[in-house]
Structures are given as C-alpha cells and as structure tokens.
2 protein chains.
Amino acid sequence: MENVRELIQIMTRRFGFLDRNCCSVGDTDLSLVQSHILYEIDRQHQPSMQQIAQTLGIDITTFSKQIQSLVKMKLVKKTPSPDDRRVSILSLTTEGTFIATMIDQEMNQYLEEVFGYMSVEEREMVLRSIKLLNANMAKSKKCCNPIGE
Amino acid sequence: MENVRELIQIMTRRFGFLDRNCCSVGDTDLSLVQSHILYEIDRQHQPSMQQIAQTLGIDITTFSKQIQSLVKMKLVKKTPSPDDRRVSILSLTTEGTFIATMIDQEMNQYLEEVFGYMSVEEREMVLRSIKLLNANMAKSKKCCNPIGE
DNA sequence: ATTAAATACTTGAATTTTTCAACTAAATTC
DNA sequence: GAATTTAGTTGAAAAATTCAAGTATTTAAT
C-alpha cells in the first residue's frame, strides 16, 4: 500500500486549517474548539454536557470551563434538565445560532469551491469514499470512536 | 449537495482521535502537535524551523518553544545551517526516529485495519478520492494551504 | 426507608500551551 | 555602509488543559 498516512495527514491538516480560519465572525473570535462546540450543540438534539464533551473527545472539566466562557459570551445557554436535575441541557442563543450559521456558510462556501473543481462523477466518488471511510472507521474498536476515548 | 461538511467533520474528527491516541511510546508522552512535528521533520529534507512551522501552520514563536522541549527530550536536534547562519536545520535523533517510527507503525496498523474492511476496488476509490481532494484543496486560494496562514 | 454507590457537573490550583511585543543576529538591498 | 528584511529567541500575559477534590442528584442495595 502506498503512503496512505501521508495522504490522510495532508487532507486532515488542510481541513484543520480551514476550520481554524473560519472561527471569526464580526467581532466575535472563537477558538477552533469553541466553534466545534457550537457546531455540535446545533447538530444534536437537546444535548447534555457529557454528550457534547464525549463526541468531541474533550475532558469534561475542560469542557465545563469552555461552556462557561461561551455562556459568558452569550452564545450558549444552559438549562437544567427536568428529567434529571444534575444534567444541563445545552442550546444556542440567537446570537450563537447566528455565529454557527455564519461559520457553516463559510465552510460550505469553501467546500463548494473545492468540489466545484471536480466533475459530477468525481464529486460522487469522493462523497461515497468519505462515507465509506467513516463507516469503516466506526467498525474499529481500537480508537477513533468518540465513545471509548 | 447533501451535508458534506458533516461528513468531513466526522471524518477529520475520527482521524484526530486516532492521532491523539497514538502519541505515547513507552514512557515518552507526546502531545498531538509534537507528534506532528516529529512526523514532518522525518518527512522533509533537512528542514528549517520556518519550513516545519509553516507546513503545520504553527506560529513560529510557539514552534520555537515546542522545539526547545523536543530538544530537551532528546528527540530533535538543531544544527545551524552552513549556508545561512540564522537558520536552524532540524533533524531527529536516534530516539526521535525510533519514536516517530513507532507512531507511524501504530497509525499504519490502524489504517490497515480500516482499509482491510474494504474491497480492493473500494480501497482504490478511497485513495483516489483523497488524492483528488488534496489536489483540489491546493487550488483554493481561500485558505488551507499551509502557505498563507 | 436508609445508606451506599454512581453519575453529572463544578471548582481551585498547578501546568502547559499559545500569543504578543520586543529583541538579537545574520543576510540582503539600496 | 546604512537600512531593511529574514530567522529565530525571549519574557510576560492570557488561554487552555489537567488533576484532585468537591457538590448535588439519582440509582442501587439492604
């Protein structure tokens, strides 16, 4: 097998650069981690702290502090769960949703550019490949599942 | 276009987890960044500080300090360039090479597992796709090129 | 019903990492 | 040969991470 690791390293690094560059909206500057937190809160349904921390593989104490700053920045809201009062349900404020949307737009714009260089068939192939990769990485017990970190 | 960002986010996150889990060899614990630095020094030919810092998109002052700790850990060596005495050429020590090799092995082992779940055709498709992605991301001026950070 | 154990999260103090502004030293340019 | 640029360093401040210990609530065990 040719140098797969190298190919993947380059790819993930590039996406990493993209991610980092997409974290400033207006006068709000987010760290990479913070933008990922917003993204996940937006995506998941009434997530608890644990859930988001786990999907992102962030230690819960670090996460707790990150959420505190996001709350202070008025991007995230914490609501005690009625089912279990230990649990905090996370949600985005209006401003948080706005920021998340802006970031998402910028990311998509970039992705559209990149995919725009490809033919329709290539595009389909690439998407199929990514799905395949994701599915097969999920099979591995070794690591990489957000669960079992 | 379906949710490309989501697919990619999941993929890069998984590789990120992998990366993080692969940084301990024996009693040497490396941070993710440090393992990437070793990887790049190993890969490039007589690289300078600037070169590695730039490919990884790390600020040169942060990088300078990271290299200092790697030198202290005896994994990296700094040699003043004969051509330009401002420049430091980076190289791995024997132990550094060993660590880098071990990490590489573990990464490859994991990748082999993941690719092992695929058919030969799928594997080829995935690799072709990653190359295609890399090539097309390189075309974009917007970001993601290590240069222009 | 009461106690023990587990879970969800927080806090404070120590460490590490990152960042910024200012610096040295060598090389280039004018 | 003075001014500028480039490569890298340093110190002090800010941000992020980690660890050990804490609270509060829920679940399980007796």
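Here the C1' atom of nucleotide C/dT7 and the CD1 atom of A/I60 are 11 Å apart, to the nearest Å. Atom-to-atom, CG of B/D29 to P of D/dT17 comes out at 17 Å; the value is rounded to the nearest Å. Rounded to an integer number of Å, the gap from CD1 of A/I58 to P of C/dT17 is 17 Å. When the P atom of C/dT16 is taken as reference, atom CG of B/L30 falls 14 Å away, rounded to whole Å. Distance CE (A/M49) to C1' (C/dT11): 12 Å, rounded to an integer number of Å. Atom CG in B/L56 sits about 11 Å away from atom P in C/dT18, given to the nearest Å. For the pair B/H36 NE2 and C/dT17 P, the interatomic distance rounds to 15 Å; values are reported in whole Å. One atom, CD1 of B/I67, and another, C1' of C/dT16, lie 17 Å apart when rounded to the nearest Å.
Rounding to the nearest 0.5 Å gives a distance of 10.0 Å between CG of B/D59 and OG of B/S64. The line from CD1 of A/I130 to CD of B/Q9 is 11.5 Å long, rounded to the nearest 0.5 Å. The structure places CG of A/D19 at 6.5 Å from CZ of B/R5, a figure rounded to the nearest 0.5 Å. Distance SG/A/C22 to CD/A/E106: 4.0 Å, rounded to 0.5 Å.
Of the N and O atoms on the side chains of A/Q54 and A/Q50, not one donor lies less than 3.5 Å from an acceptor on the other residue. Counted by atom type alone, A/K139 and A/N136 present one or more donor-acceptor pairs between their side chains at under 3.5 Å. Using a 3.5 Å distance cut-off with no hydrogens or angles, the side chains of B/E113 and B/Y117 do pair a donor with an acceptor.
At the phosphate of D/dT17, OP1 or OP2 sits under 4.0 Å from a side-chain N or O atom of A/Q66. Taking side-chain N and O atoms only, B/Q51 has no distance below 4.0 Å to OP1 or OP2 of D/dA7. Between A/Q50 and C/dC9, a side-chain N or O to OP1/OP2 separation shorter than 4.0 Å is present. At least one side-chain nitrogen or oxygen of A/S64 sits closer than 4.0 Å to the OP1 or OP2 atom of C/dT10. The phosphate of C/dA8 has neither OP1 nor OP2 within less than 4.0 Å of any side-chain N or O from A/K78.
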For this session: Report, as a single string ordered 5' to 3', how protein heavy atoms within less than 4.0 Å touch nucleotides 19-28 of chain D: B base, S sugar-phosphate only, - not at all.
Result: BB---BBS--
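Both B/S88 and A/S31 lie near DNA chain D, and the one whose nearest nucleotide falls closer to the 5' end is B/S88.
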